[in-house]
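Note that these values count all heavy atoms, side chains included, but never hydrogens, waters or copies made by symmetry. Source: prediction; values computed, not measured.
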Amino acid sequence: MVGHDSRELAAVFAGGALGAGARAALEGWLAPDPGSWPWSTFAVNIVGAFLLGYFTTRLLERLPVSAYRRPLLGTGLCGGLTTFSTMQVETLAMIEQQRWVLAAGYTAASLAAGLLAVQAATALVRRVRVQR
């Protein structure tokens with residue numbers, strides 16, 4: 001049996017609580033309409049992709065190794081903030097309503113914007129000069 005680091009689990013929990021809280025707040029502010037573009041899910045997924053690209057690049061390339069930053073920020077915060085499962089449910093609802101173009105556009109835009117967000121965040125971190 002593999003032992004678990006309780007501080008690492010606490011970091012994931014704390015980050016996840018912050019991310020899920022932010023997602024819930026945005027969902028309440030941008031209440032989704034089942035027949036239209038789900039802006040709240042789209043926004044949190046793109047912001048989450050950007051943050052994940054930023055945190056991953058910064059933690060791996062710019063900061064000293066830490067046992068708790070990645071679980072807190074990557075797994076916890078970004079994992080709690082983003083929601084691929086909700087995107088899938090929303091896409092299926094669009095398909096059930098025979099909103100084929102909306103479903104295809106939402107899926108394609110989510111994937112493309114997410115990848116662009118990660119690329120932009122990575123480029124941003126790498127552009128900043130490291131002071132020695």
Side-chain angles (χ1 to χ4, degrees):
M1 182 170 163
V2 177
H4 296 287
D5 181 345
S6 60
R7 293 173 293 184
E8 184 177 354
L9 292 174
V12 172
F13 177 79
L18 290 172
R23 177 173 29 116
L26 186 61
E27 181 103 4
W29 184 54
L30 294 173
D33 174 10
S36 66
W37 192 273
W39 285 108
S40 59
T41 304
F42 183 77
V44 296
N45 284 342
I46 303 314
V47 168
F50 181 88
L51 290 174
L52 188 58
Y54 179 86
F55 293 146
T56 300
T57 306
R58 183 139 170 87
L59 293 175
L60 291 175
E61 297 180 10
R62 298 288 194 245
L63 295 176
V65 175
S66 167
Y68 307 112
R69 287 185 190 128
R70 285 179 68 186
L72 173 72
L73 301 171
T75 306
L77 180 69
C78 292
L81 178 64
T82 60
T83 175
F84 186 72
S85 58
T86 300
M87 180 193 145
Q88 295 304 307
V89 169
E90 291 166 343
T91 302
L92 287 173
M94 292 172 197
I95 291 169
E96 288 172 356
Q97 296 172 2
Q98 299 182 353
R99 312 266 329 249
W100 312 108
V101 174
L102 182 63
Y106 177 51
T107 301
S110 294
L111 293 172
L115 289 170
L116 288 172
V118 169
Q119 184 179 29
T122 299
L124 178 70
V125 171
R126 289 179 176 162
R127 186 173 308 189
V128 174
R129 183 178 300 170
V130 177
Q131 295 181 3
R132 295 181 191 253

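- Taking the ring-ring contact (aromatic ring centres under 6.0 Å, His included) definition, one finds that Phe42 meets it with Trp37, Trp39, sequence neighbours left out.
- Cluster annotation: Val118 and Val125 are assigned to distinct hydrophobic clusters (Ile/Leu/Val/Met/Phe/Trp/Tyr, side-chain heavy-atom contacts under 4.5 Å, transitive).
- Closest non-hydrogen pair, Phe50 versus Ala120, comes out as CE1-C, 4.2 Å.
- Distance OG1/Thr57 to CD/Gln119: 11.0 Å, rounded to 0.5 Å.
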Which pairs of donor and acceptor atoms, one on a side chain in residues 15-22, lie under 3.5 Å apart (sequence neighbours left out)?
none

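- Hydrophobic clustering keeps Leu115 apart from Tyr54 (ILVMFWY residues linked when any side-chain heavy atoms are closer than 4.5 Å, directly or through intermediates).
- In terms of heavy-atom proximity, Ala49 sits nearest to Gly114 at CB-O, 3.6 Å.
- To the nearest 0.5 Å, atom CG of residue Leu73 and atom OH of residue Tyr68 are 14.5 Å apart.
- Rounding to the nearest 0.5 angstrom, the gap separating the OG1 atom in Thr91 from the CZ atom in Phe84 is 8.0 Å.
- Connection of Val101 to Met94 is not established within any shared hydrophobic cluster, with ILVMFWY side chains joined at heavy-atom distances below 4.5 Å, either directly or through further cluster members.
- In this structure, Leu77 CG and Arg69 CZ are separated by 15.0 Å, a value rounded to the nearest 0.5 Å.
- If you take CG on Leu124 and CZ on Arg58, they are separated by 10.0 Å, rounding to the nearest 0.5 Å.
- Across every non-hydrogen atom of Pro71 and Glu8, the tightest pair is CG-CG, 3.6 Å.
- The side chain to side chain contact (heavy atoms under 4.5 Å, CB included) test with Arg70 singles out one residue from Val12, Thr56, Thr75, Leu59, and that residue is Leu59.
- Each of Val44, Leu26, Leu52, Asn45 was evaluated against Leu81; a single residue qualifies, Val44, per the side chain to side chain contact (heavy atoms under 4.5 Å, CB included) test.
- With contacts defined as side-chain heavy-atom distances shorter than 4.5 Å, the pair Met87/Thr107 qualifies.
- If you take CG on Leu51 and CD1 on Ile46, they are separated by 11.5 Å, rounding to the nearest 0.5 Å.
- Between Glu27 and Thr41, the closest side-chain pair of non-hydrogen atoms falls below 4.5 Å.
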